[in-house]
K.L.:
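Pasting a structure below so you can have a look.
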Protein chains: 2
Amino acid sequence: MEELTERQKQILQTIIEDYIVSAIPVGSRTLSKTIALSSATIRNEMSDLEELGYLEQPHTSAGRVPSQKAYRFYVDHLIPMTQLSLSEIRYLRAYYDKRIGQTGEILSDAARVVSELTQYVSVVTPPRVSGVKVSSIQLMPVNRITAMVVLLTDTGMVQNTPIVLPRSVTPDELLSMSGLLNRLFAGKNVSEIHPGVQYAVENEIADQKQIFDTICAVLEARLESEENRVVVEGASKMLAHQEFSDVEKARAFLQLLEENDKLGELVNEGDGRVSVRIGTETGLNDMSIVTATYSAGNRHLGRIGVIGPTRMQYDKVLSVLEQVGQTLSEIFSKQEEDDHEEK
Amino acid sequence: MEELTERQKQILQTIIEDYIVSAIPVGSRTLSKTIALSSATIRNEMSDLEELGYLEQPHTSAGRVPSQKAYRFYVDHLIPMTQLSLSEIRYLRAYYDKRIGQTGEILSDAARVVSELTQYVSVVTPPRVSGVKVSSIQLMPVNRITAMVVLLTDTGMVQNTPIVLPRSVTPDELLSMSGLLNRLFAGKNVSEIHPGVQYAVENEIADQKQIFDTICAVLEARLESEENRVVVEGASKMLAHQEFSDVEKARAFLQLLEENDKLGELVNEGDGRVSVRIGTETGLNDMSIVTATYSAGNRHLGRIGVIGPTRMQYDKVLSVLEQVGQTLSEIFSKQEEDDHEEK
DNA sequence: TGTTAGCACTCAACGTGCTCGAGTGCTAAT
DNA sequence: ATTAGCACTCGAGCACGTTGAGTGCTAACA
């Protein structure tokens, strides 16, 4: 690919940044005010940039609009390192210092912060089972044939699942079953739970194995389905952006936001610590998805992201996500440390 | 208030039902096709109805549009008893027969069904603490100074809350604390949990009282905040209705749907087994809210509702909500029965 | 050789005036 | 009491001209 001259880069960057805030095609006159060149010169350069595929013209007598390729070039080479403003950092800290609560709340708080700071829709995927370890498991009786399984993880997450047992069971049996489950799975990865796990039996009777398998099966299914849950915040903000003034487009997008599985996949598809997918790279039309990971220690847990029109404030979004992803990681890692400290 | 003649009622009903599906002002010509009267006669009647406040004219040469008063009259006197279609009933049953799972899932399933069948946004408020009884309480150690409180209710709901204790506590202490909590609160209303509850102590030391109070305080706060959670489904459907073709209106509504506390209040404000609030009665502009209760036995738990434009298919919405509310009640009551059966 | 001024050209956006038709109210006839 | 007829109203939709932002090209200039 041909190298762009410094001047071309400057012009391209100015066009992109102008267009990102104004959403109207930018013309040579406008640019000549920011850049010390005559409009004619700029026209020539723009013409070249168009030929190279960085700019597009909606119609003959309109200004130029950055192409997908331009955005890609922008985030790869031109993006300025944005510092969050002091007030923004303070805003983030306010959440960070909050008591450590329920995982679900932490995630939706994080999403709300991101959405608020960026003015785009924010999506978070919950911790993946493969990244989380069992801290303890407890069975609680509900009625004769139903029990509640409460699973506690090292990241401070709780998962409770009602289980209908194959036969009626006494509280004592449940207790010993709890003990068994703990001996088997405590400290292991949550993903290792599935029926058929072999364990050294001393004096168990055959149908206890059946109960054990039932519990594992239900638990496994539940954890897996839990993985598909996603948290969405700030959906109303999308309508503030021009590209959704067409109601049909807005409806389609809103519907996407309601399809949790698809949305979760979309967010998790990002790779690397931060990932920027632009336009068709997302598989969606005229949409961009920026995501960052969060983790506990060095175990990858999930991703937090922003989804919006291709014309997106990439610099702002990137710095916010980077910051929030890091904060989330700190929170989850802290929880883990507390655990170790205990031992 | 003046009584309407049978003919006026018929005309009014036809206008309303026509307008509900078409959303365009209905004229006398159109009506004369459905009703065996000349357009002129109908015009006279319409003129009278307008004077009585049942109809409105957007402008001189447009048809008539039903007023809020007309809708109110419609749901109170004219509404036909809609039977759900066979396929709809089958659809409902499919959900009803589903395994009884997590409360949250039941509620969001219910909301999704309502939204799907009515094509409006559906909102559910979770069971109120005052309607729910403690089944059992369990404390699980997380680390030295943190424990997880797992509260099981008679409606099969689970509530888990992390609690940071005032001092480090041994698992044995937690166990005895669990026992105490169970003795005190099992079978009682969840709402009776708060710090400072007096209990007959045998050999408890002073600071155990402090731990006890901490647990109760956090639990109480948590349960209260949990009450404000609402489930919203089908938000994207709102955009299909004409009254939201104005993006600004759509945005405002979408934002309302994200303000959980306000939304919950709005839904819970309904009274009676089913409640229909129209237009300004809701406190919102040009919106209607239809809600139905669901309960366990005779204890009121929460409400499920539909929120949409004043021009709403009241008959359809009413029958769906009535049905789903009843189904929800059956589910939650069943859970309760199982409990009693156990004893 | 790169930059700039000037000019003709293009085209969406906007405003104006026009027609069309759905709908009304009124009056007079049935 | 109902209906037919007619004049009137007014938004929707279309044609048309104007405006202005923006372009490409050419020729002059440093």
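Just so it is clear: chains get the letters A, B, ... in the order the sequence lines come, proteins before strands, and each one is counted from 1. Only a predicted model underlies this, so the values are computations on that prediction, with no experimental measurement involved.
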K.L.:
Please pick, from dA5(C), dC11(C), dC6(D), the nucleotide with the shortest atom-to-atom distance to any side-chain atom of R43(B).
P.N.:
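Closest nucleotide among those given: dC6(D).
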
K.L.:
If you check every side-chain atom of S61(A), which of dT10(C), dT2(D), dG22(D) has the closest atom?
P.N.:
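Nearest to the side-chain atoms of S61(A), counting from C-beta on, is dT10(C).
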
K.L.:
Using whole Å, what does the distance between atom P of nucleotide dA21(D) and atom CZ of R64(A) come to?
P.N.:
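Rounded to whole Å, this separation is 17 Å.
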
K.L.:
Are there more than 12 heavy atoms of other residues, nucleotides or ligands under 6.0 Å from atom CD of E51(B)?
P.N.:
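At most 12 heavy atoms, drawn from other residues, nucleotides or ligands, come within 6.0 Å of this atom.
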
K.L.:
For R29(A) and dC7(C), give me the distance from atom CZ to atom C1', rounded to whole Å.
P.N.:
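Atom CZ in R29(A) sits about 15 Å away from atom C1' in dC7(C).
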
K.L.:
Of all the nucleotides listed (dT23(D), dA5(C), dG24(D)), which has the minimum atom distance to the side chain of M46(A)?
P.N.:
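Closest nucleotide among those given: dT23(D).
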
K.L.:
Could you tell me how far apart N44(A) (CG) and dT4(C) (P) are, to the nearest whole angstrom?
P.N.:
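After rounding, the reported distance stands at 10 Å.
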
K.L.:
Specify the separation, in whole Å, of atom CD of Q57(A) and atom C1' of dC9(C).
P.N.:
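Taking atom C1' of dC9(C) as the reference, CD of Q57(A) is at 13 Å.
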
K.L.:
Looking only at side-chain atoms of S38(B), point me to the closest of dT23(D), dC10(D), dT3(D).
P.N.:
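My answer, after comparing the listed nucleotides, is dT3(D).
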
K.L.:
Can you tell me the distance, in whole Å, between the NE2 atom of H59(B) and the P atom of dT24(C)?
P.N.:
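Nearest whole value for this atom pair: 10 Å.
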
K.L.:
Is atom NZ of K262(B) surrounded by more than 12 heavy atoms (other residues, nucleotides or ligands) closer than 6.0 Å?
P.N.:
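Open: at most 12 neighbouring heavy atoms sit under 6.0 Å from NZ of K262(B).
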
K.L.:
Could you give the CG-to-P distance, from L55(A) to dG22(D), as a whole number of Å?
P.N.:
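These atoms are roughly 14 Å apart.
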
K.L.:
Does E45(A) pair with R64(A) as a salt bridge, N-O distance under 4.0 Å?
P.N.:
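Judged by the 4.0 Å cut-off on N to carboxylate O distance, E45(A) and R64(A) do not form a salt bridge.
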
K.L.:
Hey, does A40(B) reach any base, or is it just sugar-phosphate, or nothing, if we go heavy atoms under 4.0 Å?
P.N.:
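It contacts base atoms.
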
K.L.:
Give a yes/no on whether any side-chain N or O of R7(A) is located under 4.0 angstrom from OP1 or OP2 of dT3(C).
P.N.:
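For dT3(C), OP1/OP2 do have a side-chain N/O of R7(A) under 4.0 Å.
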
K.L.:
Just wondering, do V290(A) and V274(A) contact through their side chains at under 4.5 Å, heavy atoms?
P.N.:
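Counting from C-beta outward, V274(A) and V290(A) never come under 4.5 Å.
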
K.L.:
With a 4.0 Å cut-off on heavy atoms, is T60(A) in touch with a base, just the backbone sugar-phosphate, or nothing at all?
P.N.:
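Sugar-phosphate only.
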
K.L.:
Quick one: do E243(B) and K249(B) make a salt bridge, cutoff under 4.0 Å?
P.N.:
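Answer for the salt bridge query: no.
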
K.L.:
Let's see if you can work this out: which of dG22(D), dT23(D), dT3(D) has an atom nearest to the side-chain heavy atoms of T30(A)?
P.N.:
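Of dG22(D), dT23(D), dT3(D), dG22(D) is nearest to the side chain of T30(A).
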
